[in-house]
> 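Sharing a structure here in C-alpha cells format.
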Amino acid sequence: MKKKKINKICVFTGSRSEYGLLRPLLCEIKKNKEFSLQLLVSCMHLSPEFGLTYKDIEKDNFKINEKIEILLSSDTNEGILKSMGLGLIGFADALKRLKPTMAIVLGDRFESLIFAICCYINKIILIHLNGGEITEGSLDDGFRHCITKLSHIHFVSTEEYKRNVIQLGENPENVYVVGDISIDNIKNMNFLNFNEIEKKIGIKFKRHNFLITFHPPTIEEMDVEKQIKNLLEALDEFEDTLLIFTKSNADPKGRIINKYIENYVKKNKSKAVLFTSMGQLFYLSTIRYVDAVIGNSSSGIVEVPYFKVPTVNIGSRQNGRIKTESIIDCDYDKNSIIKAINLALSEDFREKIKNINFYPYGDGNTSKKILDIIRNLDFDKIKKSFFKI
C-alpha cells in the first residue's frame, strides 16, 4: 500500500496578538498526523523592544523552524518599507529551505503581505484567515485586501466578509465562513483568577479599572502626539482608577505613542502600569475584571464584546468592522473620550449589554472547522482565477 503523503503546512506569525489568535489552530495541526507543522516567526516576535515574544511560542512547546529578523528600530514609513524589503529577502530564503505544501497567514500586517508575496511567487498554496474585513483608518486595510488577492483559500469570520472577498474577485467555492479564531481561545481557556491577575499587575484594583491599547490610525495624516495626549488627559479625569496599558505595535508612529505612555506611567506608578506584551491568557483573563477596554484595537471589536464588557473605540482605525451594541465609538478629542467612558460606566448601559444576544464572530469551533476543510481539499485542483460577479 502506498504511504499517504504528509503535507507540510508553514504558518507565519509576526506579532504577539497574531500568534495568540493562531495558537488553537497550531495545536490542531500539531496533533494531526496528516500534517507536518512548520513555523516561520518574524518581525515583532524577535524584537527586544516588543518583548521577544518568540519565547512565548517556545514555552508553548512549538518548534520554530525559521526566525527571520526584519524589523528596523524606526518609526517612519521609510522604516516600514525597508523592513518589507528585508522580509522579501529573508522569507524567500526561508521558504526555499522549508519547501511547504501550503502556507497559512492571518490578517493584515505589512510583514504578512510580504510573506504572501513570497508564497505567491513560489507557487505555494496560500490559505488566508480573516480576509474581507474592513478597517478604514489603517494601512492594514489595503494590506489585507492584497493578501486576499494572493491567496487561494479564504477562511472568513462572517457572511458579510465572505461577500467582500467574493467582490474582490475570489471564487465563492474557495471562501469558507468559519467564525473568528479568537473565540476558540475564549471558549477553551482556563482563565486566571482575580488574585492571580492582581498579582501580575502589581497594583490593587480600584473603583474603576480600564484596559487600554491605542495604535496610530496609519491611513490618516493626523497628529498622533495630540491624540495620545488627549487620551491620557481624559483618563486623568477619572479618580480612583487603575489604568492597565499595553504597548502599541510596530506601525509608523507607534513608538511615539509608547513613549508618551511610558512617561505617563513613570509619573503615575500608583495607578498605572504598562505591559510590552500581556499574552493571550493574561490579556483575556484581565478583560473579565475591568470596567471597560479603551483604545482602537481589533480585540475591542471582536473579543471584548464576548465578555459583555464595554469597549470605548476611539477614532477611525476600526471603521468598517461589524460591531455589537457594547461598542461605543468616539472621536479623538478629550471631551468625546470622557463622554464615551462615562457612558461605559453607567448602570443603564452595563445592564443593556448584559442582554445582548447578537454576537457575529462564531461559536468557538473555528480551528477544527478550518482543519477539517483543509484535510478534504484537492490541492491539485486549486487554481487562482478571477471570479466575475
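What you see below is based on every heavy atom in this structure, not just the backbone, and it leaves out hydrogens, waters and symmetry mates.
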> Look at the aromatic rings of Phe194 and Phe205 and report parallel, tilted or perpendicular, splitting at 30° and 60°.
tilted
> Do Lys55 and Glu58 meet the salt-bridge criterion of a basic N to acidic O distance under 4.0 Å?
no
> Using atom types as modelled and distance alone, determine if a side-chain donor or acceptor of Ser42 lies under 3.5 Å from a backbone N or O of Ile68.
yes
> May I ask you to check whether Ser15 and His45 show a side-chain donor-acceptor distance below 3.5 Å?
no
> Looking at Glu170, is its backbone amide N or carbonyl O close enough to the side chain of Asn174 to form a donor-acceptor pair, meaning the two atoms are under 3.5 Å apart?
no
> With a 3.5 Å distance limit and no angle check, can you tell me whether His152 reaches the backbone of Leu126 through a side-chain donor-acceptor pair?
yes
> Indicate whether any N or O donor in one side chain lies under 3.5 Å from an N or O acceptor in the other, for Tyr332 and Asp223.
no
> Looking only at side-chain N and O atoms, does Glu18 offer a donor or acceptor that is under 3.5 Å from a partner on Thr13?
yes
> More than 12 heavy atoms of other residues, nucleotides or ligands under 6.0 Å from CG of Asn190: is that the case?
no
> May I ask you to decide if Gly107's main-chain N or O and Asn130's side chain share a donor-acceptor pair within less than 3.5 Å?
no
> Count the heavy atoms belonging to other residues, nucleotides or ligands that lie under 6.0 Å from NZ of Lys200, then report whether that count exceeds 12.
no
> For Ser277 and Thr53, which I'm curious about, is there any donor-acceptor pair between the side chains at under 3.5 Å?
no
> Take Ser248 and Phe214 through the side chain to side chain contact (heavy atoms under 4.5 Å, CB included) test and state the conclusion after the steps.
CA-CA 6 Å; Ser248 180; Phe214 189 75; over 6 Å; no
> Establish, from distance only, whether the side-chain atoms of Ser112 and Arg144 form a donor-acceptor pair under 3.5 Å.
no
> Ignoring hydrogens and angles, state whether a donor on the side chain of Asp236 or Tyr264 is under 3.5 Å from an acceptor on the partner side chain.
yes
> Please assess Phe349 against Ile328 for the test side chain to side chain contact (heavy atoms under 4.5 Å, CB included), listing each intermediate value before the final yes or no.
CA-CA 10 Å; Phe349 187 80; Ile328 304 165; 3.6 Å; yes
> Phe282 and Phe275: aromatic ring centres closer than 6.0 Å?
yes
> Quick check: closest heavy atoms across Leu192 and Ser285, and the distance to 0.1 Å?
N-OG, 2.9 Å
> Taking the six-membered ring of Phe191, is the NZ or CZ of Arg288 close enough (under 6.0 Å from the centre) and on axis enough (within 45°)?
yes
> NZ of Lys82: more than 12 outside heavy atoms within 6.0 angstrom?
no
> Parallel, tilted or perpendicular for His208 and Phe210, by the 30°/60° rule?
parallel
> Taking all non-hydrogen atoms of both residues, which atom of Leu98 and which atom of Cys10 are closest, and how far apart?
CD1-SG, 3.9 Å
> Are Ser182 and Asp180 linked by a side-chain donor-acceptor pair shorter than 3.5 Å?
yes
> Would you say NZ of Lys339 has more than 12 non-hydrogen atoms from neighbouring residues, nucleotides or ligands within 6.0 angstrom?
no
> Does any donor atom in the side chain of Asn230 or Asp333 lie under 3.5 Å from an acceptor atom in the other side chain?
no
> Any chain of hydrophobic side-chain contacts (each under 4.5 Å) joining Phe143 to Leu22?
no
> Is the backbone N or O of Ile356 less than 3.5 Å from a side-chain atom of Lys308, with the two atoms forming a donor-acceptor pair by type?
yes
> Just so I know, are the side chains of Asn65 and Leu40 near enough to count as touching, which here means a heavy-atom distance under 4.5 Å?
no
> For atom CD of Gln167, is the number of surrounding heavy atoms from other residues, nucleotides or ligands below 6.0 Å larger than 12?
no
> Taking it one step at a time, do Ile294 and Leu211 satisfy side chain to side chain contact (heavy atoms under 4.5 Å, CB included)?
CA-CA 6 Å; Ile294 300 171; Leu211 182 56; over 6 Å; no
> Give the intermediate values and the outcome of side chain to side chain contact (heavy atoms under 4.5 Å, CB included) for residues Ile373 and Phe155.
CA-CA 10 Å; Ile373 293 167; Phe155 292 113; 3.6 Å; yes
> Please say whether the positively charged group of Lys369, taken as NZ for Lys or CZ for Arg, lies over the ring of Tyr176, i.e. under 6.0 angstrom from the six-membered ring centre and within 45 degrees of the axis.
no
